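Data first, discussion second: the structure below is written as C-alpha cells.
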Amino acid sequence: MQFFKKQVKPFVVAGPCSAESREQVLETAAALKGVSIDLFRAGVWKPRTRPGSFEGNGAIALEWLQEVKEVYGLPVTIEVAEPEHIDLAMKHNIDVLWIGARTTVNPFHVQRLADAMKGIDVPVMVKNPVNPDVDLWLGAIERFQQAGIRNVAAIHRGFSGYSSPSFYRNQPNWPIPIELKRRKPDLSIICDPSHITGKRDKVAEVAQKAMDMGFDGLMIESHLHPDSALSDAAQQITPQALETLLRKLIIREEFTADMSKSMELEYLRQVMDSIDAEIIDLLARRMELSEHMGLVKKESNMTAYQPARWQEIVETRSQRANNLMLSKEFIISLYELIHHESIKKQLSILQDTSKEVKK
Ligand code: PEP
Ligand code: MN
C-alpha cells in the first residue's frame with residue numbers, strides 16, 4: 001500500500017499554517033490527535049509573498065514537531081525549500097516533506113531538492129506551481145520520482161492570478177488536477193481547500209467537492225485560535241470545526257459494488273458513446289464544408305476570418321444553447337475551438353497554391 005493511499009479515504013493532513021510556538025504546536029497536536037488525522041503539518045520556514053511578515057521560527061520548531069511525534073505518535077510534515085531544510089528535517093526525524101507552490105515553479109530549484117533527497121526515500125508531497133501549468137507540476141513530481149522517492153503525492157492548492165475580488169484565494173482550475181490524474185493514474189492527489197478558498201467558511205464546500213471528484217486526501221490548516229494566527233489567519237479552522245467537517249464529508253468511490261447501478265451506468269455510457277460518435281461524424285462533415293468554403297473564399301479573394309459571421313455564430317449558437325438549458329459560456333468556448341479549427345483549415349487553403357475549387 002502506498003503511504004498516501006488509505007483503505008477508507010480521505011488521507012488527512014492537518015495542522016497550523018505555521019509552527020508559532022512550542023505550546024501552540026503541542027496543544028494543536030493534542031486537539032488534532034482526537035480528530036484522528038493521518039499527518040500533522042506545520043510550516044517552519046514560511047515562504048511569504050512580501051517581506052516583513054512572519055517567516056516562521058526555523059530550525060527550533062523542528063524540535064517541537066519531534067515532540068509531537070514522541071508525545072502523540074502523530075507523523076509530522078513540513079515544507080522544505082532549500083537543501084539545508086531537508087538535511088535539518090532528516091536530523092529531526094520529520095516523516096514527510098512537502099514542496100511549496102512557489103518552489104514547484106522552478107525546475108532548477110526542484111532538481112536541487114530532488115538531488116538532496118537521493119538515498120533518503122522520504123515521502124514527498126508536491127504542491128501545484130502557482131501558475132496553471134500541468135507539465136511543470138508533473139515535471140517536479142517526476143524529478144522526485146527519478147531521485148528514488150517511491151511515495152510522491154500531489155497537492156492541489158489552486159492557482160494564483162491577478163483577480164478582481166473572487167470566491168477563491170487561488171483559482172481551483174479543476175481540469176488541471178484532473179489532467180494530472182489522467183497522465184499519472186496511480187498518483188495520490190490531496191486537495192488543500194484552505195489555500196484554494198482563503199476563507200474558513202468556504203473550506204468545507206471545497207473539501208466536499210474534492211471528495212466528489214475522487215481526490216485521495218485533504219490538507220486543511222487548523223489552528224486553536226484562527227483569528228490570532230501569525231499567517232493565513234482567515235482560512236484556518238479550529239480542530240473542532242475540522243472534526244465537524246470530516247464527520248459531514250460524503251466519501252465517494254470511483255466504483256460501486258451495486259450491480260444494478262453499475263448496469264444502469266453501463267447503459268448510459270453506451271448511449272453516450274453513440275452520441276459522441278455522431279458528434280465526431282458531424283464535426284468531420286462541418287470541416288469538409290469549411291474546406292469547401294476556404295476554396296470559394298480563395299477564388300473570390302476573401303479573408304478566412306470574417307468578424308460579422310463569427311458574431312452571428314456566437315449569437316445564434318448561444319441563443320439555441322440557452323433554449324436547451326445549456327450554459328452559454330460552455331457553448332461559446334466550444335465554438336471558439338470549432339471556429340478556430342475551421343479558420344486554421346481555411347488559412348492553409350488560402351496559402352496553398354495547388355488547390356482549386358471542386359465543381
Ligand atoms: C502552506 O501550506 O502554508 C503554504 C505556504 O502553501 P502554498 O505553498 O500552497 O502557498
Ligand atoms: Mn498557509
Side-chain angles (χ1 to χ4, degrees), residues 11-20 24-25 28 32 37-51 53-58 61-62 65 76-82 85 89 94 96-106 109-110 113 123-133 136-137 140-141 144 152-161 163 168-173 176-177 180 189-200 202-203 206-207 210 215 217-238 241-242:
F11 180 90
V12 180
V13 190
C17 177
S18 308
E20 299 172 3
Q24 176 242 12
V25 169
T28 314
L32 289 174
I37 63 168
D38 299 288
L39 186 60
F40 181 83
R41 64 151 281 158
V44 162
W45 295 281
K46 296 303 299 174
R48 305 315 297 278
T49 303
R50 301 188 55 197
S53 27
F54 175 64
E55 293 191 328
N57 279 299
L62 295 172
L65 285 164
V76 293
T77 182
I78 60 157
E79 173 176 349
V80 291
E82 301 290 348
H85 296 167
I94 300 297
V96 177
L97 305 178
W98 94 76
I99 310 300
R102 294 161 194 76
T103 305
T104 309
V105 282
N106 186 336
H109 212 115
V110 169
L113 297 180
V124 176
M125 303 184 288
V126 183
K127 287 205 171 195
N128 64 254
V130 284
N131 55 324
D133 184 338
L136 200 53
W137 194 4
I141 288 163
F144 291 106
V152 180
I155 301 181
H156 170 229
R157 51 76 81 194
F159 305 89
S160 53
S163 58
Y168 300 111
R169 173 179 175 190
N170 292 301
Q171 294 300 320
N173 218 329
I176 296 213
L180 184 73
I189 307 193
I190 294 167
C191 180
D192 173 349
S194 307
H195 288 88
I196 289 177
T197 62
K199 292 175 215 80
R200 78 179 64 104
K202 307 281 189 246
V203 170
V206 172
F215 278 60
L218 295 169
M219 177 188 255
I220 297 181
E221 287 188 338
S222 181
H223 195 284
L224 288 171
H225 309 288
D227 283 329
S228 46
L230 297 182
S231 58
D232 289 349
Q235 70 196 32
Q236 303 207 54
I237 62 174
T238 60
L242 179 66

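All of these numbers come straight from a predicted model, not from anything done at the bench. Along the sequence shown, residues are numbered consecutively beginning with 1. First listed ligand is number 1; within each ligand, the first listed atom is number 1.
- A heavy-atom distance below 4.5 Å is found between the side chains of Cys17 and Arg41.
- For the residue pair His225 and Gln24, no side-chain donor N or O sits within less than 3.5 Å of a side-chain acceptor on the partner.
- Looking at Ser222, its side chain never comes within 3.5 Å of a backbone N or O of Pro16 through a donor-acceptor pair.
- Considering Thr104, Leu97, Thr103 as possible partners of Val126, the one that fulfils the side chain to side chain contact (heavy atoms under 4.5 Å, CB included) test is Thr104.
- For the pair Ile141 and Leu180, the minimum side-chain heavy-atom distance is below 4.5 Å.
- A 4.5 Å side-chain heavy-atom check between Val206 and Tyr168 finds at least one atom pair inside the cut-off.
- At a cut-off of 2.8 Å, measuring from the Mn ion (ligand 2), the protein N, O or S atoms that fall short of it are Cys17 SG, His195 NE2, Glu221 OE2, Asp232 OD2, waters left aside.
- Near ligand 1, residues Cys17, Arg41, Lys46, Pro47, Glu79, Trp98, Gly100, Ala101, Arg102, Lys127, Arg157, His195, Glu221 each place a heavy atom inside the 4.0 Å sphere around the ligand atoms.
- Counting heavy atoms from C-beta outward, Val130 and Arg157 have side chains that approach closer than 4.5 Å.
- With Gln235 as the fixed residue, the side-chain hydrogen bond (donor to acceptor under 3.5 Å, both in side chains) test singles out one of Lys199, Glu221, Arg200: Glu221.
- When only modelled atom types and interatomic distance are considered, Asp232 and His223 share no side-chain donor-acceptor pair under 3.5 Å.
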